[in-house]
Structure formats: structure tokens, C-alpha cells
Amino acid sequence: MRRQHTLMDSPLGPLTLVAVDSALSGVFMTDHRHMPAPETFGTRSDDPFPDVIAQLDAYFRGELREFDLPLHMAGTEFQRLVWRELRRIPYGETRSYGELAQAIGRPGASRAVGLANGKNPVSIVVPCHRVIGASGSLTGYGGGLANKQRLLALESANATSPEGTLF
């Protein structure tokens, strides 16, 4: 497996993009919880990332609502099941951990869903920021609650007004 990485400036600060065999395998914010050790990111190269950067830039401008990128997401079978379901949450909407557990056919697994959600290596692209507490409260986010709030506000503003952007 060929691993490569690059850095991208974003409205949330620098993002570290990681690819395995040219498929996106990581999007990490500064001080990202559960971020692998940087030495596992491979060589520094911009080669596999032009589409990733273009789509993330369009997302931050409020012009892109759904990513179309090849992904390589290493995780357990349960984690990958949760991550697939995350991609089904529409832009500008949220789901609770309980709703996500119901959607994957495991209604009693809210806590396990939360743990899998927190280990999502491809933040923003696989929208773990769209998962909230049952009461509607913002709960943990690998990139920090302030970034989660900014991403949800961006999507909320653009879901109703495609012209608006918060960044």
C-alpha cells in the first residue's frame, strides 16, 4: 500500500489529507482526536489530492453538498457499517446516535455507534459532524465542538440559501 499525505488550508485551519493507493483515507484537523501518528501518513505529495482539495474548497464555499471521492477507510466491520450510514445523512440535516443505531438495525447500540462515529478517519467527507445527542445537543467531535458547530451552521445556512456561506 502506498501512503501519501498533504496539507490543505481551510476555514477550520490546516487539514491533513491522507491517501492510501490514491484513495482518500484521512481528513484530520489540528489536534484531531483519534488521529494516527503522523509517521503513518507516508510521503508528502500533492499528487493524489487535487480532486479532494477542489471538492473540499467547493464544500466550504457552500457549492458542494455531496462528495464523490474514492475512499479507503480501514476499520472494523461495525465501524464501516456506521460510516456508510453517515454518508446517507442528507446535507443540512442531523441524526441522533439512537437514530443512527436504528438505521443500521442495531437499536440498542447507540453508545457503540458513538464510538464508531468518533473513530471516523475521513471527517467532513464522511459527515460525522451531522450526528448529535438525543436532546439535540452537540456532543463530542474529533475536530472539536467549535468546528462541529461551524460545519453544521455552514450546512444549515446553505441548505436554505445556496448563495450564503459562513466562511
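Everything quoted here is computed from the prediction, not taken from an experiment.
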Do [X] and [Y] come within less than 4.5 Å of each other through their side chains, counting heavy atoms only?
X	Y	value
Pro90	Arg95	yes
Tyr97	Arg111	no
Asn120	Met73	yes
Ile124	Leu15	yes
Val131	Thr94	no
Leu138	Ile132	yes
His32	Ser123	yes
Met29	Tyr141	yes

Do the side chain of [X] and the main chain of [Y] share a donor and acceptor less than 3.5 angstrom apart?
X	Y	value
Arg130	Glu93	no
Asp21	Arg2	yes
Trp83	Cys128	no

If every non-hydrogen atom of [X] is compared with every non-hydrogen atom of [Y], which pair is closest and at what distance?
X	Y	result
Gln102	Pro107	OE1-CB, 2.7 Å
Ala112	Phe78	O-CE2, 3.5 Å
Ala134	Ser96	CA-CB, 4.0 Å
Pro11	Arg150	O-NH1, 3.0 Å
Ser22	Pro70	O-CG, 4.3 Å
Phe60	Ser10	CE1-CB, 3.7 Å

Straight-line distance of [X] [atom1] to [Y] [atom2], nearest 0.5 Å:
X	Y	atom1	atom2	result
Leu154	Leu152	CG	CG	9.5 Å
Gln55	Glu63	CD	CD	12.5 Å
Leu145	Thr139	CG	OG1	7.5 Å
Arg3	Glu39	CZ	CD	12.0 Å
Leu151	Ser156	CG	OG	12.5 Å
Leu115	Ser110	CG	OG	11.0 Å

*Between Ile53 and Leu17, is a side chain to side chain contact (heavy atoms under 4.5 Å, CB included) present by the stated rule, with each step listed?*
CA-CA 9 Å; Ile53 292 170; Leu17 309 177; 3.7 Å; yes
*Please check if Met8 and Val122 belong to a single hydrophobic cluster, counting links between Ile, Leu, Val, Met, Phe, Trp and Tyr side chain heavy atoms closer than 4.5 Å.*
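Looking at the clustering, Val122 is in the same group as Met8.
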*asked:* If hydrophobic clusters are built by linking Ile, Leu, Val, Met, Phe, Trp and Tyr wherever their side-chain heavy atoms come under 4.5 Å apart, do Phe67 and Val20 end up in the same one?
replied: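 Phe67 and Val20: separate clusters.
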_For a quick check under 3.5 Å, do His129 and Gln149 share a side-chain donor-acceptor pair by atom type?_
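No - no donor-acceptor pair under 3.5 Å links their side chains.
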_Selection residues 42-53 - residue pairs positive for side-chain hydrogen bond (donor to acceptor under 3.5 Å, both in side chains), sequence neighbours left out_ =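 Found Gln4-Ser45, Thr6-Asp46, Ser45-Asp47.
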*Considering the options Leu100, Leu86, Leu81, which one meets the side-chain contact (heavy atoms from CB on, under 4.5 Å) requirement together with Val113?*
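The side-chain contact (heavy atoms from CB on, under 4.5 Å) with Val113 is passed solely by Leu100 among Leu100, Leu86, Leu81.
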*asked:* Tell me which one of Arg65, Glu66, Glu155 satisfies side chain to side chain donor-acceptor pair (under 3.5 Å) with Tyr59.
replied: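 Exactly one candidate clears the test, Glu155.
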*Each residue besides Phe41 in its hydrophobic cluster should be listed here, by chain and number; the cluster joins Ile, Leu, Val, Met, Phe, Trp and Tyr at side-chain heavy-atom distances under 4.5 Å.*
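Phe41 clusters with Val18, Phe28, Met35.
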*Mind checking what makes side chain to side chain donor-acceptor pair (under 3.5 Å) contact with Arg88, not counting sequence neighbours?*
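Here the qualifying residues are Glu85.
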*CZ/Arg80: more than 12 non-hydrogen atoms of other groups inside 6.0 Å*: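 Atom CZ in Arg80 is packed in, count exceeds 12.
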